[in-house]
Participant: 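Attaching a single structure in structure tokens format; questions to follow.
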Amino acid sequence: MELRQLECFVAVAEELHFGRAAARLCMTQPPLSRQIRLLEQGLGVTLLERSSRVVALTAAGRSFLRDARHLLAYSARAASSARRASGGEAGHIVLGFTAVAAYRLMPDWVMKARRVLPDVDIELRERVSTDLGRLLVAGELDAMLARQLPRHEGLAYRLIAREPLVLAVPRKSPLLAYPAVPLRALHREPFVAYAPSEGKYFHERIAGALGLAGVTPDIVQHASQTHTLLGLVRAGLGVGIVPDSARELRMEGVSFLPLAQKNLTAEIYLAWRSRHDNPALDAFIERVVEPSLKRRQRL
């Protein structure tokens with residue numbers, strides 16, 4: 001049983017006339033009749049009653065017509081899905097991201113992808129940057145949003161955002177008197193720092209800036225994640241330096257103050273393997289990522 005035979009049968013069953021069905025299929029009547037005979041022989045049943053004047057469906061033909069229509073529709077959908085997948089309009093992407101990326105960037109991208117690429121399924125995996133790099137190189141991720149890029153020659157990447165670091169302080173902190181807090185004001189100040197291992201990117205960046213400024217805060221606690229750090233700040237344990245996107249957590253009892261040192265920023269990158277075979281990833285970059293970067297540049 002071939003799809004062409006099904007198409008011929010459905011046309012004759014709907015027209016109940018071989019001549020009109022042949023015209024509809026842009027073919028002559030003899031090959032149309034031959035296709036119907038081959039179909040009936042393959043099924044071992046008679047689908048159509050034929051006479052010189054009338055064509056009618058048998059009971060088997062009426063039953064088979066319903067299934068034949070479904071098979072043709074399913075075949076058309078399968079062909080369309082294959083074409084859409086080949087062009088990136090459908091498919092699956094595994095996107096890794098750090099917790100900080102989940103505050104603003106990643107949710108915006110997922111929402112836009114649902115609008116412009118509704119048939120692309122995005123699987124999200126949250127990890128720390130070092131784990132993301134390892135998974136990307138191993139082929140377990142299609143792309144990653146992270147602060148640090150793994151050292152690997154086979155990767156492509158884009159700088160997505162550069163955001164300022166800000167000071168998180170508890171309610172009634174004396175530092176609230178500053179319009180922009182100088183780093184020297186943090187000398188000997190109780191300080192909640194990122195952990196040297198799990199929070200390596202921010203730990204090194206912040207410790208480096210404080211060291212260059214000759215500032216030694218009183219580190220009272222380390223935290224691996226931004227939301228944990230802010231919880232400790234809210235409890236009054238100390239102050240902490242976090243990315244500006246941490247405001248999105250809207251943690252009650254924590255205020256965010258700009259730092260006087262304007263060049264203290266944090267970058268976030270999108271990285272993917274240069275040689276990959278996922279058209280959906282190319283479509284995601286072209287239709288979701290690139291327009292967002294152009295919009296940021298205009299702003």
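Values below: every heavy atom of this structure, side chains too, minus hydrogens, waters and symmetry copies.
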Participant: Could you state the interatomic distance from CG (Asp131) to CG (Leu136), rounded to the nearest 0.5 Å?
Facilitator: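 If I round to the nearest 0.5 Å, the distance is 12.5 Å.
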
Participant: Which atom pair, heavy atoms only, marks the closest approach of Leu230 to Val254?
Facilitator: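 Distance-wise, the nearest heavy atoms are O-CG2, 3.7 Å.
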
Participant: Please tell me if the side chains of Leu293 and Arg158 come closer than 4.5 Å, counting only heavy atoms from C-beta onward.
Facilitator: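 Touching, per the 4.5 Å side-chain cut-off.
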
Participant: Are side-chain heavy atoms of Leu39 and Cys8 found at a separation under 4.5 Å?
Facilitator: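 Result no, sub-4.5 Å side-chain heavy-atom pair not found.
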
Participant: Evaluate the criterion side chain to side chain contact (heavy atoms under 4.5 Å, CB included) for residue pair Glu49 and Val55; output intermediate values, then yes/no.
Facilitator: CA-CA 6 Å; Glu49 293 288 355; Val55 176; over 6 Å; no

Participant: In sequence, state the C-alpha distance, the side-chain angles, and the governing distance for Leu48 and Ile36, and then conclude on side chain to side chain contact (heavy atoms under 4.5 Å, CB included).
Facilitator: CA-CA 9 Å; Leu48 297 166; Ile36 298 298; 3.8 Å; yes

Participant: Mind listing the side-chain donor-acceptor pairs of residues 208-225 below 3.5 Å, one per line with the distance, residues two or more places apart or on another chain?
Facilitator:
none

Participant: Please report the closest heavy-atom contact between Leu155 and Ser274, naming both atoms and the distance.
Facilitator: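 Reported closest heavy-atom pair: C-OG, 3.3 Å.
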
Participant: More than 12 heavy atoms of other residues, nucleotides or ligands under 6.0 Å from NZ of Lys112: yes or no?
Facilitator: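 Yes.
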
Participant: Using a strict cut-off of less than 4.0 Å between a Lys/Arg side-chain nitrogen and an Asp/Glu carboxylate oxygen, indicate whether Arg4 and Glu7 qualify as a salt bridge.
Facilitator: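 Salt bridge: yes.
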
Participant: Does the distance from a Lys or Arg side-chain N to an Asp or Glu carboxylate O, for Arg20 and Glu14, drop under 4.0 Å?
Facilitator: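 No salt bridge links Arg20 with Glu14.
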
Participant: Can you find a pair of side-chain heavy atoms, one from Leu186 and one from Ile241, that are under 4.5 Å apart?
Facilitator: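 They are in side-chain contact.
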
Participant: Do you reckon Phe256 sits in the same ILVMFWY cluster as Leu183, going by side-chain contacts under 4.5 Å, direct or chained?
Facilitator: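 In one cluster: yes.
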
Participant: If the condition is side chain to side chain donor-acceptor pair (under 3.5 Å), which residues does Glu15 pass it with, not counting sequence neighbours?
Facilitator: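 For Glu15, the residues satisfying side chain to side chain donor-acceptor pair (under 3.5 Å) (neighbours in sequence not counted) are Arg24.
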
Participant: To check you understand the geometry: which heavy-atom pair defines the closest contact between Gly240 and Phe191, and what is its length?
Facilitator: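 Looking at all heavy atoms of both residues, the closest pair is CA-CE1, 4.1 Å.
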
Participant: May I have all residue pairs that pass side chain to side chain donor-acceptor pair (under 3.5 Å) and include part of residues 236-258, sequence neighbours excluded?
Facilitator: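 Residue pairs with at least one partner in residues 236-258: Arg104-Asp244, Arg104-Glu248, Glu163-Ser245, Asp244-Arg247.
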
Participant: Closest approach of Thr226 and Pro243, non-hydrogen atoms and distance?
Facilitator: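 Closest approach of Thr226 to Pro243, heavy atoms only: OG1-CD, 4.4 Å.
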
Participant: In Å and rounded to the nearest 0.5 Å, what is the CD to CG distance from Glu40 to Leu38?
Facilitator: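 Result: 10.0 Å between the selected atoms.
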
Participant: Do Val166 and Leu259 come close enough that some side-chain heavy atom pair is under 4.5 Å?
Facilitator: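 No. Closest side-chain heavy atoms not under 4.5 Å.
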
Participant: Going by heavy atoms in the side chains, are Leu95 and Leu270 under 4.5 Å from each other?
Facilitator: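 Leu95 reaches Leu270 side chain to side chain.
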
Participant: Does the side chain of Leu175 reach to within under 4.5 Å of the side chain of Leu167, using non-hydrogen atoms?
Facilitator: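 Yes; the side chains approach each other to less than 4.5 Å.
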
Participant: Going from CG on Asp142 to NE2 on His92, what distance comes out if it is rounded to the nearest 0.5 angstrom?
Facilitator: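 NE2 of His92 is found 7.0 Å from CG of Asp142.
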
Participant: Can you see whether His276 engages Asp282 through a side-chain donor-acceptor pair at a distance of less than 3.5 angstrom?
Facilitator: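 Yes, because at least one side-chain N or O of His276 sits under 3.5 Å from a partner of the opposite role on Asp282.
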
Participant: Do Ile206 and Val128 share a hydrophobic cluster (ILVMFWY, side-chain heavy atoms under 4.5 Å, transitive)?
Facilitator: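 Not linked; separate clusters.
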
Participant: For Arg205, which residues count as a side chain to side chain donor-acceptor pair (under 3.5 Å) partner, sequence neighbours excluded?
Facilitator: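 Once residues adjacent in sequence are excluded, the partners of Arg205 under the side chain to side chain donor-acceptor pair (under 3.5 Å) criterion are Tyr201, Glu267.
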
Participant: Side-chain polar contacts of residues 59-66 - donor-acceptor pairs under 3.5 angstrom, sequence neighbours left out - could you list them?
Facilitator:
| from | atom 1 | to | atom 2 | distance (Å) |
| --- | --- | --- | --- | --- |
| Arg62 | NH1 | Leu57 | O | 3.2 |

Participant: Considering all heavy atoms of both residues, which atom of Leu47 and which atom of Phe9 are nearest to each other, and what is their separation?
Facilitator: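 So the two residues come closest at CB-CE1, 3.7 Å.
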
Participant: About how many Å separate CD1 of Ile122 and CE of Met106, when rounded to the nearest 0.5 Å?
Facilitator: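 Answer rounded to 0.5 Å: 9.5 Å.
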
Participant: Please lay out, stage by stage, how Met144 and Trp272 fare under the test side chain to side chain contact (heavy atoms under 4.5 Å, CB included).
Facilitator: CA-CA 7 Å; Met144 72 171 195; Trp272 63 96; over 6 Å; no

Participant: Ser129: what forms a side chain to side chain donor-acceptor pair (under 3.5 Å) with it, not counting sequence neighbours?
Facilitator: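 Testing Ser129 for side chain to side chain donor-acceptor pair (under 3.5 Å), a comparison that skips the adjacent residues, returns none.
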
Participant: Same cluster or not: Ile268 versus Tyr157, using hydrophobic residues (I, L, V, M, F, W, Y) connected whenever any side-chain heavy atoms lie under 4.5 Å apart?
Facilitator: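 Different clusters: Ile268 never reaches Tyr157 through Ile, Leu, Val, Met, Phe, Trp or Tyr contacts under 4.5 Å.
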
Participant: Test of understanding: clusters of I, L, V, M, F, W, Y form through side-chain heavy atoms closer than 4.5 Å, transitively. Do Leu281 and Leu135 belong to the same one?
Facilitator: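 No, no single cluster joins them.
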
Participant: Around atom OH of Tyr269, are there more than 12 heavy atoms of other residues, nucleotides or ligands at under 6.0 Å?
Facilitator: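 Enclosed: over 12 neighbouring heavy atoms sit under 6.0 Å from OH of Tyr269.
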
Participant: Hey, does the side chain of Ser173 reach the backbone of Val169 with a donor-acceptor pair shorter than 3.5 angstrom?
Facilitator: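 Checked: no pair found.
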
Participant: Is the shortest side-chain heavy-atom distance between Val110 and Phe97 below 4.5 Å?
Facilitator: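 No - every pair of side-chain heavy atoms lies 4.5 Å or more apart.
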
Participant: Taking the side chain as C-beta and beyond, is there a heavy-atom pair between Val239 and Val233 under 4.5 Å?
Facilitator: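 No - every pair of side-chain heavy atoms lies 4.5 Å or more apart.
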
Participant: Rounded at 0.5 Å granularity, tell me how far CH2 in Trp109 sits from CD1 in Ile285.
Facilitator: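 With rounding to 0.5 Å, CH2 (Trp109) is 8.5 Å from CD1 (Ile285).
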
Participant: Regarding Arg273 and Glu140, does a basic nitrogen lie under 4.0 Å from an acidic carboxylate oxygen?
Facilitator: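 Salt bridge: no.
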
Participant: Quick one: OG1 on Thr98 to CG on Leu105, what's the gap to the nearest 0.5 Å?
Facilitator: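 Between Thr98 OG1 and Leu105 CG, I get 9.0 Å after rounding to 0.5 Å.
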
Participant: Treat each ILVMFWY residue as a node, draw an edge where side-chain heavy atoms are under 4.5 Å apart, and state whether Leu145 and Val137 are in one component.
Facilitator: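 Different hydrophobic clusters.
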
Participant: Are the side chain of Ser292 and the backbone of Val289 linked by a donor-acceptor contact shorter than 3.5 Å?
Facilitator: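 Looks like yes, one N/O pair under 3.5 Å.
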
Participant: Examine distances only and state if a side-chain atom of Arg127 and a backbone atom of Gly96 form a donor-acceptor pair shorter than 3.5 Å.
Facilitator: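 Checked: no pair found.
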
Participant: Of all heavy-atom pairs between Leu32 and Met27, which one has the smallest distance, and what is that distance?
Facilitator: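 Minimum heavy-atom separation between Leu32 and Met27: N-CE, 3.6 Å.
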
Participant: Donor-acceptor pair, distance only, cut-off 3.5 Å: does the side chain of His203 make one with the backbone of Tyr194?
Facilitator: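 Checked: pair present.
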
